[in-house]
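What follows is a single structure, written as structure tokens, with notes after it.
Below, chains carry the letters A, B, ... as their sequence lines are ordered, and counting in each starts from 1.
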Amino acid sequence: MYALIDCNNFYVSCERVFQPHLQDKAGVVLSNNDGCAIARSQEAKDLGIKMGHPYFQLKDTHPHVWVRSSNYALYQDMMYRVTSIIRNYFPDQEIYSIDECFCDLRGFTVIDPLSLAAELRSEILNCTGIPVCIGVARTKTLAKIANRIAKKKYKDVGVFVLQSQEQEAKALEATEIGDVWGIGGRHAARLRAMGIDNAGKFARLPPDWVLKNMTIVGLRMWRELNGESCIPMEYVRKAKKGIGTSRSFGKPESRLAVLLEALATYVSLASAKLRSQNSVCGRVYVYARTSDFVGEAERFACGFEVRLITPTANTGELIKVAGWILKKTFRDGYRYQKVGVLLSDIRPDTEVQQSLFDRSVKRRVRMASAFRAMDSINARNGRDTVRVAASGNEGKWTMKQDFRSKRYTTKLSEIITVKAI
DNA sequence: TCTGGGGTCCTAGGACCC
DNA sequence: TCTGGGGTCCTAGGACCC
């Protein structure tokens with residue numbers, strides 16, 4: 001059996017832990033740049049606020065709903081607390097996303113998974129203040145379904161176990177096709193048009209059809225729904241194959257010099273991530289674009305990719321290349337909404353093929369140790385303690401974050417204050 | 001005025017190799 | 001009449017996840 005532990009309205013729940021007055025009141029957490037709602041309290045959902053609902057509309061239509069900007073430092077750390085507790089119960093965990101964790105129950109002689117899951121759930125709530133739901137079933141995909149049922153149908157208990165095949169069959173019949181893990185909008189629409197509107201009907205389709213029309217990925221899902229486990233647990237986080245960094249500007253920006261500063265900042269971030277997994281990249285893609293929501297004539301997107309002669313993780317080199325691309329591709333006269341960089345062709349830094357024509361090898365080695373030193377200073381003293389000058393001074397282009405709560409758990413100066421009366 | 005950011009995997013088709 | 005067989009690598013596009 002597999003368990004899926006999923007935090008309820010996670011970002012909203014994190015905000016409520018340290019701001020208890022937000023409890024029981026409709027509220028949302030906004031995306032970066034305070035763009036749109038990406039987490040909603042149950043009360044907000046009940047008001048009909050949708051995922052991705054733009055904030056500039058919400059503030060007029062729902063002025064009484066509380067809002068917070070995304071505070072990822074807080075959410076990441078809260079999830080760390082949650083997974084630490086889970087680990088005491090089930091040591092084999094796969095942290096699937098910022099708010100979900102799979103556990104492998106095979107090898108456990110769990111007599112009563114339901115009461116064990118219930119115990120874990122209340123332990124997490126007591127220790128962290130985060131409510132979770134737990135679904136248990138024979139495969140990961142079925143555990144996802146069990147979790148959904150726990151959330152929708154057994155909210156008070158928060159736990160649901162698919163024990164028997166009869167229960168599985170009933171659960172599949174009750175699961176809308178679009179709610180199956182791995183079926184997105186495209187496939188859902190297509191299947192619905194064929195009359196396949198729930199997971200049970202999908203699981204009874206001939207496997208040949210599924211393979212032909214939905215690739216091996218679809219077939220894997222089909223098998224999982226039929227009780228055959230074929231999505232393995234991933235205990236160690238794999239090295240990333242691509243690292244992308246981009247942000248929307250607080251307001252549209254037309255000046256190349258400002259775009260270059262923003263880009264240098266994103267390249268610094270991305271290359272630090274690259275070094276943290278001991279990798280180098282062989283390709284750099286840079287792009288800039290205007291908003292999707294402006295008229296045809298003002299809309300513009302540009303960018304291209306270059307292949308590096310020698311793969312690198314050196315911030316300075318990468319900024320130089322990225323800046324060169326942006327200057328080449330940039331066109332005057334547009335109001336840009338964002339720039340971004342994508343590092344790809346990623347490989348271990350121990351497997352770098354040197355170029356015969358590269359005369360700066362020694363300098364490279366020196367720079368590599370300089371950036372290692374920078375990373376460790378920033379790790380010890382906080383992000384951006386040392387940064388590259390090309391990033392410029394903040395303020396000109398940074399994203400909107402008008403409603404961010406404090407970093408209660410990761411920054412000493414923002415720790416919660418308790419007053420004794 | 002105003003609409004996020006970060007990833008993964010699969011397939012088909014083209015170019016190339018012997 | 002009739003033109004092989006076995007590969008690799010790369011790219012773009014599609015679909016999906018949170």
Under the salt bridge (Lys or Arg N to Asp or Glu O under 4.0 Å) definition, can you give me all pairs with a residue in [range], not counting sequence neighbours?
range                       : result
residues 58-80 of chain A   : A:Asp77-A:Arg81
residues 320-338 of chain A : none
residues 83-102 of chain A  : A:Glu94-A:Lys140, A:Glu100-A:Lys144

| Taking for each residue the nucleotide of DNA chain B with the nearest heavy atom, is it A:Asp34 or A:Ser246 whose nucleotide lies nearer the 5' end? | A:Asp34
| said: By nearest heavy atom, map A:Arg220 and A:Ile243 onto DNA chain B; which one lands nearer the 5' end? | reply: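 Of the two residues, A:Ile243 wins.
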| query | Going by number, which of residues 328-352 of chain A have a non-hydrogen atom under 4.0 Å from DNA chain B? | reply | A:Gln337, A:Lys338
| Got a sec? Which of residues 271-309 of chain A come in under 4.0 Å of DNA chain B, heavy atoms? | A:Lys273, A:Phe293
Would you classify [X] as touching base, sugar-phosphate or nothing, given that sugar-phosphate means primed atoms plus P, OP1 and OP2, and contacts are heavy atoms under 4.0 Å?
X        : result
A:Thr245 : sugar-phosphate
A:Lys238 : nothing
A:Gln57  : nothing
A:Gly242 : sugar-phosphate
A:Ile98  : nothing
A:Tyr96  : sugar-phosphate
A:Lys240 : sugar-phosphate

| note | Here the ring-ring contact (aromatic ring centres under 6.0 Å, His included) pairs for residues 332-356 of chain A, sequence neighbours left out, are A:Phe300-A:Tyr334, A:Phe330-A:Tyr336
| task | Please name all residues satisfying ring pair (Phe, Tyr, Trp, His ring centres under 6.0 Å) with A:Tyr75, sequence neighbours left out, ordered by chain then number. | result |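 Here the qualifying residues are A:Tyr11, A:Tyr72.
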| What parts of residues 177-210 of chain A reach DNA chain C, counting only heavy atoms under 4.0 Å away? |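 The answer is A:Val180, A:Trp181, A:Gly182, A:Ile183, A:Gly184, A:Gly185, A:Arg186, A:His187.
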| message | Suppose we call two aromatic rings close when their centres sit under 6.0 Å apart. Are A:Tyr2 and A:Phe102 close by that rule? | response |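 No, the ring centres sit 6.0 Å or more apart.
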| task | Salt-bridge test for A:Asp402 and A:Lys400: reply yes if a basic N is under 4.0 Å from a carboxylate O, no otherwise. | result | no
| Got a salt bridge between A:Asp292 and A:Arg299, using NZ or NE/NH1/NH2 to carboxylate O under 4.0 Å? | no
| field | Check: A:Leu274 main-chain N/O paired with A:Ser271 side-chain donor or acceptor under 3.5 Å | value | no
| query | Does A:Thr139 use its side chain to pair, donor to acceptor, with the backbone of A:Glu224 at less than 3.5 Å? | reply |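 Yes, A:Thr139 side chain to A:Glu224 backbone: donor-acceptor pair under 3.5 Å.
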| task | Walk me through it: do A:Gln167 and A:Gln163 pass the test side-chain hydrogen bond (donor to acceptor under 3.5 Å, both in side chains)? | result | CA-CA 7 Å; A:Gln167 270 183 309; A:Gln163 301 262 22; 5.9 Å; no
| Does DNA chain C take part in any stems of at least 3 consecutive Watson-Crick or G-U pairs (both distances under 3.5 Å), and if so, which ones? |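 DNA chain C stems, ordered by first number: B:5-18 with C:5-18.
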For residues 205-218 of chain A, which side-chain donor-acceptor pairs fall under 3.5 Å, sequence neighbours excluded?
unit_1, atom_1, unit_2, atom_2, d
A:Asn213, OD1, A:Arg190, NH2, 2.6
A:Asn213, ND2, A:Trp209, O, 2.9
A:Thr215, OG1, A:Val217, N, 3.2

| said: Between B:dT3 and C:dC18, how far apart are the two P atoms, rounded to whole Å? | reply: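 Going atom to atom, P in each nucleotide, I get 25 Å.
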| Heavy-atom distance under 4.5 Å between the side chains of A:Pro131 and A:Leu125, does that happen here? |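 They are in contact (side-chain heavy atoms under 4.5 Å apart), so the answer is yes.
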| request: Locate the shortest heavy-atom distance separating A:Ala188 from A:Ile183; write the atom from each residue and the value. | output: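 Closest pair (atom of A:Ala188, atom of A:Ile183, distance): N-CG2, 3.7 Å.
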| field | Which residues share a side chain to side chain contact (heavy atoms under 4.5 Å, CB included) with A:Val258, sequence neighbours left out | value | A:Glu253, A:Arg255, A:Lys396, A:Trp397
| Should the heavy atoms of other residues, nucleotides or ligands under 6.0 Å from NZ of A:Lys406 be counted, would the total exceed 12? | no
| task | Walk along DNA chain C from 5' to 3' and tell me the first and last nucleotide with an atom closer than 4.0 Å to a non-hydrogen atom of chain A. | result |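 From 5' to 3', the first and last contacting nucleotides are C:dT11 to C:dC18.
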